[in-house]
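Bear in mind the structure is a predicted one, so any value in this text is a computation, not a measurement.
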Amino acid sequence: MVRGLLLDARSAMASPNRNARTAVVLGRLLGVAFLVCFATGVYSYFLQQPLPWMRFPTRPAQLYQFTQGVHITAGIAIIPLLLAKLNTVMPALVQTPPLRGPLHLLERLSIAVFVASAIVQVTTGLLNTYQWYPWPFPFKQVHNALAYVLIGSLVLHIGVKLPLITRYWRKRDSYDEHGRFVVDPAAGSELLSPIQEERGASTGPDAAPQAVASYPRGITGRVLRWVDGFPAEPAVPAVPAVPADAAETRPGGPDSASATRAASAEPSLGVPQAGAAEASRASRATPEATDGRRERIARRGFFAGVTAATVGVVALTAGQSSTLAEPFNVFGARQRHRGPNDLPVNRTARAAGVLATATAADWSLTVVGHDVVRTFSRAELVALGTADAELPISCVEGWSQMATWKGVRMRDLLDAVQAAPGSHVRVTSLERHGGYRIMDMGPEYAEDPTTLIALELNGATLDLDHGFPARIIAPGRPGVLQTKWIEKIEVIA
């Protein structure tokens, strides 16, 4: 009974789009997207949690803006691609028998891990772009750990399916001259029906009835068959009845001459001449060509839909990090040039709990060297001399924007406390809670001439929500490391 239910389910899922070639094409796209997300995500993670020996480039200044924009864009593109892939491989979920041995069990478990981790990774990543965290675990650590699980299971999956991937890697090896999918049971595809596995045949006239559920009669049935890419039911030609007395002509009768002339002028009823039969066959499409044309239409429609969905979600969100796509930013979490100082805000002063301390009249910045400690009011910082820098704010949520900053160079402040070249720096915010209240900065950033203690933004005094009275801005760093509302800078090494 269970086997019958599984077979019925496979028959209901049969479609020209659900074959090994479609799975391979979508798998290639997903593999590239996952690898891009993994590489850019690991780079972002180590920028925030560097190992002691790590050093990072500060040029180009827009490096993180590019890598994180690509990371979020590729992650969003994965969503329709993953849904399309799951749709394609649905028949494999109801294969018979469900398990064929210990190795098959391990293979299915690895696929389950891959699918589950992919869904969780994409879902949590998407919600992170909107800064919504409806789960009890820390996002950054879990997202990073799950990335390794995902890539490991992906590599294992590719290794298991490598013969099938190789067999259907090229289009010309996957379809015959009519455009029909070429079934190769030896390749080990789990998308083949039992009939196809036994016969090694594609969805031809003999296999189609086994692979498709029944269709209603009439126009509705024809439309559904055309959409699914299966041939219409063959029509049974009606043979006109011939009266018995008209089938014979009496010799010598009055009608014998006309009957003879009619017989010589027209072919006999139901017995076409050889030339007419050949012409009729030449003008009709063969069942193979008809099936191939319908399969091609179904496949093209499917891939057109997947392409439209992927391009659509990318185009409607990439504007939060791309100037070219900015007019189409419908779903992006942030709109560029909207906010105080003509710049979006991720975390407000109210949310950070610094409304009173950041606006206090006695605010000062403490700079601690190994032997020298100095404090600076905002006016004293300005007296040190200021510099301008064109640097982006690039947030881990994917949005970014270039801005003009003005403030004191970090290296000038370090010189004021006699810090040694190559010093590591620790910056502390007025915030009293939060994972980024304290930020460490390597010497490659601390000594860069464009790393500033910013006092102005886009030609105006730094807004409170952007870090007034002073904040950090440095090239090529995530926005969470551009500490706002700073109160102390320490030389730690």
Side-chain angles (χ1 to χ4, degrees), residues 18 20 22-49 67-95 98-99 102-162 164-165 188-191 306 309-310 313-314 317 333 396-398 435 478:
R18 290 178 175 143
T22 301
V24 168
V25 172
L26 292 173
R28 286 197 309 231
L29 297 174
L30 275 173
V32 171
F34 276 125
L35 289 175
V36 168
C37 280
F38 179 73
T40 53
V42 167
Y43 179 69
S44 178
Y45 179 82
F46 282 120
L47 277 174
Q48 300 171 60
Q49 303 285 338
T67 60
Q68 195 63 9
V70 169
H71 179 81
I72 298 299
T73 301
I76 290 174
I78 283 174
I79 297 174
L81 292 175
L82 183 60
L83 292 176
K85 174 79 174 199
L86 293 176
N87 174 75
T88 299
V89 300
M90 280 180 62
L93 302 177
V94 290
Q95 60 182 289
L99 296 175
L103 292 179
H104 189 230
L105 173 61
L106 292 176
E107 176 190 339
R108 289 180 73 82
L109 287 175
S110 69
I111 294 174
V113 170
F114 171 68
V115 173
S117 59
I119 292 174
V120 172
Q121 191 80 329
V122 170
T123 302
T124 56
L126 178 64
L127 294 182
N128 174 64
T129 64
Y130 294 94
Q131 295 183 305
W132 183 37
Y133 306 100
W135 49 75
F137 52 83
F139 168 77
K140 183 177 66 175
Q141 291 80 358
V142 173
H143 198 68
N144 178 68
L146 202 57
Y148 290 93
V149 174
L150 179 59
I151 292 299
S153 59
L154 175 62
V155 171
L156 179 60
H157 179 63
I158 292 174
V160 170
K161 295 296 185 181
L162 192 58
L164 184 67
I165 295 171
S189 174
E190 295 176 342
L191 303 180
V306 174
T310 305
V313 296
V314 168
T317 54
V396 294
E397 293 84 10

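The distance from atom CD of Gln131 to atom CD of Glu397, rounded to the nearest 0.5 Å, is 4.5 Å. Once rounded to the nearest 0.5 Å, the distance linking CG of Leu126 with OG1 of Thr124 reads 9.0 Å.
Here the rule is ring pair (Phe, Tyr, Trp, His ring centres under 6.0 Å) with Phe137, and of Phe139, Tyr133, Trp135 only Trp135 fits it.
Side chains of Leu150 and Leu146 form no contact here, defined as non-hydrogen atoms less than 4.5 Å apart.
Contact between Ile119 and Thr123 at its shortest, heavy atoms only, is O-OG1, 2.7 Å. Here the closest heavy-atom approach between residue Gln121 and residue His143 is recorded as NE2-O, 2.9 Å. Residues Ser189 and Leu164 come closest through the heavy atom pair CB-CD1, 3.8 Å.
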Go through the steps to decide whether Gln68 and Val396 satisfy the test side-chain contact (heavy atoms from CB on, under 4.5 Å), and finish with yes or no.
CA-CA 7 Å; Gln68 195 63 9; Val396 294; 4.1 Å; yes

Pairs under 3.5 angstrom only: tabulate donor-acceptor contacts from the side chains of residues 22-43 to other protein residues two or more places apart or in another chain.
| residue | atom | partner | partner atom | Å |
| --- | --- | --- | --- | --- |
| Thr22 | OG1 | Asn17 | O | 3.0 |
| Thr22 | OG1 | Asn19 | OD1 | 3.2 |
| Arg28 | NH1 | Trp169 | O | 2.9 |
| Thr40 | OG1 | Val36 | O | 2.7 |
| Thr40 | OG1 | Cys37 | O | 3.3 |
| Thr40 | OG1 | His71 | ND1 | 2.9 |

Between side-chain atoms of residues 102-114 and protein atoms elsewhere (two or more places apart, or another chain), which donor-acceptor pairs fall under 3.5 Å?
| residue | atom | partner | partner atom | Å |
| --- | --- | --- | --- | --- |
| His104 | ND1 | Arg100 | N | 3.1 |
| His104 | NE2 | Gln95 | OE1 | 3.4 |
| His104 | NE2 | Glu190 | OE2 | 3.2 |
| Glu107 | OE2 | Lys161 | NZ | 3.1 |
| Arg108 | NH1 | Ala92 | O | 3.3 |
| Ser110 | OG | Glu107 | O | 2.6 |

Under 3.5 Å donor-acceptor pairs involving side-chain atoms of residues 72-79, not counting sequence neighbours:
| residue | atom | partner | partner atom | Å |
| --- | --- | --- | --- | --- |
| Thr73 | OG1 | Gly69 | O | 2.7 |

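Side-chain atoms of Arg18 come within 3.5 Å of backbone atoms of Asn87 as a donor-acceptor pair (strictly under, hydrogens ignored).
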